[in-house]
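Heads up, the thing below is written out as structure tokens.
Only this structure's heavy atoms are used, side chains among them; waters, hydrogens and symmetry mates stay out. So you know, we letter chains A, B, ... as the sequences are listed, proteins then strands, and number each from 1.
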Amino acid sequence: MRVSHCQEGVTMNEVRVRFAPSPTGYLHIGGARTAIYNWLFARKHKGTFILRIEDTDTERSTSESIQGILDGLEWLGITWDEGPYFQSANVGNHRDAASRLLESGHAYRCFCSKEELDAKREMAVRKKRPYKYDRTCRRLDPDESARLAAEGRPHVIRFAVPEGPGSVRFSDIVYGDMERNLEDIEDFVILRSDGTPLYLLSNAVDDIHDGITHVIRGQDGLANTPRQILIYEALGAPIPRFAHMPLTLDLKKQKISKRTHGEVVAVHFYREHGFLPWALVNYLVLLGWHTSDDREFFTRDELIEAFSLEGVSRANSIFNYQPGDKKFFTDPKALSINAHYIRTMPVEELAAYVREELEEAELWNAEYETEKREWFLHVIDLIRARYHTLKDFISHGRAYFSEHYAIEEKALKKNLLRHKELREILPRLADCLDELESWDLVGVEQAVRDFIDGQGLDSGMVINGIRAIVTGQSVGPGLFDCLVAIGREQVVTRLRKTPLIYPPETSA
RNA sequence: GUCCCCGUCGUCUAGCCCGGUCCAGGACACCGGCCUUUCACGCCGACAACACGGGUUCAAAUCCCGUCGGGGACGCCA
């Protein structure tokens with residue numbers, strides 16, 4: 001529950017923020033949201049957004065992942081001003097920092113073996129006592145410590161957490177005043193025995209190096225913050241402001257991950273399923289953040305203007321995705337936002353996305369950019385209202401762009417097969433339309449209605465039958481609009497082929 | 001287990017700091033209606049929540065305490 005807000009405290013001249021993913025997989029929606037928040041904060045305060053790849057976990061980091069993250073951000077339109085920097089390039093800095101801490105007495109060598117520590121930890125767990133390193137090596141005489149090191153005895157470097165009472169305090173922009181007792185913090189390792197730095201150290205050193213003023217990251221970093229503040233202090237560096245973002249969980253309140261959720265949590269999945277990048281950004285930004293005026297749709301500039309870290313919720317939010325849902329392949333809200341943009345954005349803009357889909361499906365016609373441009377825009381505008389994703393243009397909307405379209409099962413059964421007489425009627429209507437003087441809305445509608453009335457036919461049956469055979473769908477825009485858009489030649493041809501869809505044995 | 005965080009409709013959330021205007025508002029989803037010889041859009045309407053228990057108060061979603069529930073952090077991972 002929100003009790004108090006604190007000031008964002010933007011007092012430094014320049015805001016510098018960063019998104020620092022570790023490249024151990026594709027960009028997922030949780031990471032993307034963190035990136036978006038950082039990006040918005042930077043843009044809002046005319047600051048600098050830095051991309052830093054934390055690739056020091058060489059076991060798991062891959063170049064495919066790095067590329068995937070870059071592609072994902074680019075697709076979303078999240079542009080960075082500096083980087084990508086690579087943490088692995090700064091290992092020297094991290095070691096230097098560890099040496100400085102050692103020299104200044106803020107850190108010490110620890111010769112305890114992993115086995116010894118594991119045993120102590122296990123013992124503590126068994127006794128149900130909280131485990132904390134017992135500081136054995138902290139009490140080692142400095143000369144003795146140096147001697148052992150010179151001898152080549154393997155050791156790690158531990159940070160010497162100040163002893164005695166006292167606490168580390170900081171004010172998180174989202175979570176408010178935080179305090180952690182020093183006695184609850186163990187002397188954590190900052191450098192491995194092989195001389196490589198650990199995350200807590202390298203992350204802080206890099207942030208200092210990059211001049212980060214605001215650390216905006218997931219809430220899982222909240223518990224790390226006191227230890228990192230200790231590092232900043234020991235290094236004599238200014239402490240940045242921290243803002244932790246609530247996590248995104250699934251319906252079972254589990255943290256979302258590739259392992260358990262698969263592709264739906266990957267940014268590229270949305271790209272491949274017909275999402276407009278901005279719609280995804282809009283959905284993601286609303287997952288844990290809201291304006292107080294209930295606005296839900298924003299242009300880029302409006303979002304930047306409206307965004308504030310203070311509107312970020314403290315409660316974890318849930319990605320409302322039901323595996324196996326027949327109707328919604330992802331969070332319904334995400335789909336509705338996507339549909340909203342599809343039907344409301346400027347047609348010219350939408351056209352560029354539709355073009356990509358058509359190209360991919362090999363349905364693109366270069367004339368759609370030239371002499372058929374008007375027609376193309378008109379068709380998109382005509383059919384977009386009922387579409388939820390860009391893919392709908394090449395599935396439900398296929399008949400507008402190709403002669404090779406399937407007749408949807410429902411349309412086939414209900415609107416065609418059930419009425420055998422259409423087999424004879426529709427080709428006759430084709431002849432009638434073929435002779436029409438002009439091919440426009442009024443003329444076509446008049447011709448069809450005259451045809452129906454003249455033969456005393458059921459208009460619903462005929463109209464639905466035409467729709468089914470000509471568009472392959474049982475639903476769609478007003479029929480006459482469809483016919484005019486599809487064109488006389490195609491309509492006539494399609495109507496004449498009606499008999500082909502009836503099984504031969506039913507022929508009279 | 002220890003430390004920390006969180007808890008308003010199914011979901012995202014407004015309201016909470018500065019108690020009354022909240023028998024709790026919006027959006028998505030769901031259901032019904034209007035529109036449409038289709039479906040969608042649009043419009044109208046319905047359903048639906050202050051985790052629980054104690055206090056404080058004339059009055060509590062809002063303040064205090066406790067309980068329960070959920071999450072995170074406790075590595076020579078990042």
Please work out which of the three classes, parallel, tilted or perpendicular, describes the rings of Phe159(A) and His106(A), given edges at 30° and 60°.
parallel
For G19(B) versus C64(B), give the span between their C1' atoms, rounded off to a whole number of Å.
13 Å
Looking at Arg109(A) and Cys137(A), would you say the former's side chain and the latter's main chain have a donor-acceptor pair under 3.5 Å?
no
Near-ring test His155(A)/Phe111(A), centroid separation under 6.0 angstrom
yes
With C1' as the reference atom in both, quote the distance from U13(B) to A29(B) in angstrom, rounded to an integer.
15 Å
Base, sugar-phosphate, or nothing: which does Met461(A) touch, judged by heavy atoms less than 4.0 Å apart?
nothing
Applying the 3.5 Å cut-off to both distances, the Watson-Crick or G-U partner of C63(B) turns out to be G55(B)
Under 4.0 Å, counting only non-hydrogen atoms across every strand here, what does Arg217(A) touch: a base, just sugar-phosphate, or nothing?
nothing
Using atom C1' of each nucleotide, how far apart are G42(B) and C6(B) to the nearest Å?
39 Å
P atoms of A48(B) and G25(B), separation to the nearest Å
12 Å
In whole Å, measure the gap between the P atoms of C17(B) and A51(B) for me.
15 Å
Backbone N/O of Phe393(A) and side chain of Arg398(A): donor-acceptor pair under 3.5 Å
no
Calculate the interatomic distance between Trp289(A) atom CH2 and A14(B) atom C1'; express it in whole Å.
13 Å
What is the separation between atom CD on Glu122(A) and atom C1' on G1(B), rounded to the nearest whole Å?
15 Å
Mind checking if Phe328(A) touches a base, just sugar-phosphate, or nothing, with heavy atoms under 4.0 Å?
sugar-phosphate
Which whole number of Å gives the distance between the C1' atom of C52(B) and that of C44(B)?
38 Å
Given the C1' atoms of G15(B) and A27(B), what is the spacing between them in whole Å?
16 Å
Summary of protein contacts for nucleotides 42-48 of chain B, nucleotide by nucleotide, where a base hit scores B, a sugar-phosphate-only hit scores S (4.0 Å, heavy atoms)
S------
Under a 3.5 Å cut-off for both distances, is G69(B) Watson-Crick or wobble paired, and to whom?
C6(B)
Give the rounded distance in Å between these two atoms: CG of Asn282(A) and P of U13(B).
14 Å
What about Arg386(A), does its side chain sit under 3.5 Å from the base of C39(B) through a donor-acceptor pair?
yes
Can you give me the closest heavy-atom contact between Leu251(A) and Tyr321(A), atom names plus distance?
CD1-O, 3.6 Å
In whole angstrom, give the distance that lies between atom OH of Tyr321(A) and atom P of A29(B).
19 Å
Determine whether a donor-acceptor pair (N or O, by modelled atom type, separation under 3.5 Å) exists between the side chain of Glu302(A) and the backbone of Thr299(A).
yes
Round to the nearest Å and state the distance from Lys132(A) atom NZ to U2(B) atom P.
15 Å
N/O to N/O distances under 3.5 Å, protein versus nucleotides 24-27 of chain B:
| residue | atom | partner | partner atom | Å |
| --- | --- | --- | --- | --- |
| G25(B) | N2 | Asp294(A) | OD1 | 3.2 |
| A27(B) | O4' | Glu296(A) | OE1 | 3.2 |
| A27(B) | O2' | Glu296(A) | OE1 | 2.4 |
| A27(B) | O2' | Lys333(A) | NZ | 2.9 |
| A27(B) | N3 | Lys333(A) | NZ | 3.1 |

Sugar-phosphate only, base, or nothing, as touched by Ile463(A) at under 4.0 Å among non-hydrogen atoms
base
Using Watson-Crick or G-U wobble geometry with both distances below 3.5 Å, tell me the partner of G1(B), or none.
C74(B)
May I have the list of side-chain donor-acceptor pairs in residues 21-28 of chain A shorter than 3.5 Å, sequence neighbours left out?
| residue | atom | partner | partner atom | Å |
| --- | --- | --- | --- | --- |
| Tyr26(A) | OH | Gly262(A) | O | 3.0 |
| His28(A) | ND1 | Gly30(A) | N | 3.1 |

Does the side chain of Arg153(A) pick up a donor-acceptor pair with the side chain of Ser145(A) at under 3.5 Å?
no
Searching all strands shown, indicate the nucleotide that pairs with G32(B) (Watson-Crick or G-U wobble; both distances under 3.5 Å).
C44(B)
Provide the distance between the two C1' atoms, one in A61(B) and one in G45(B), to the nearest whole Å.
27 Å
C39(B): pairing nucleotide in any strand, Watson-Crick or G-U under 3.5 angstrom
none
C12(B) C1' sits how many Å from Leu251(A) CG, rounded?
12 Å
Using a 4.0 Å heavy-atom cut-off, does Gly478(A) contact any base of the nucleic acid, only the sugar-phosphate backbone, or nothing at all?
base
Mind checking salt bridge (charged side-chain N to carboxylate O under 4.0 Å, His left out) for Glu54(A) and listing every partner two or more places apart, or none if nothing turns up?
Arg52(A)
Look at the aromatic rings of Phe329(A) and His273(A) and report parallel, tilted or perpendicular, splitting at 30° and 60°.
tilted
Shortest non-hydrogen separation from Leu350(A) to Arg384(A) and the atoms involved:
CD1-CD, 3.8 Å
Any Lys327(A) side-chain N or O less than 4.0 Å from OP1/OP2 of C30(B)
yes
To the nearest Å, how far apart are His388(A) NE2 and A29(B) C1'?
11 Å
ring-ring contact (aromatic ring centres under 6.0 Å, His included) partners of Tyr353(A), counting only residues at least two apart:
none
On RNA chain B, compare the nucleotides closest to Lys414(A) and Met178(A); which residue's is nearer the 5' end?
Met178(A)
Is Leu198(A) close to Phe188(A) at the side-chain level, that is, under 4.5 Å between some pair of heavy atoms?
no
Using the ring of each side chain (for Trp, its six-membered ring), is Tyr108(A) parallel, tilted or perpendicular to Tyr133(A), with breaks at 30° and 60°?
parallel
If you assign Asp458(A) and Pro332(A) each to the RNA chain B nucleotide with the nearest heavy atom, which residue ends up on the more 5' nucleotide?
Pro332(A)
Atom NZ of Lys252(A) to atom P of U11(B): distance rounded to whole Å?
15 Å
Take nucleotides 73-78 of chain B nucleotide by nucleotide from the 5' end and write B, S or -, depending on whether a protein heavy atom sits under 4.0 Å from the base, only from the sugar-phosphate, or from neither.
S-SBBB
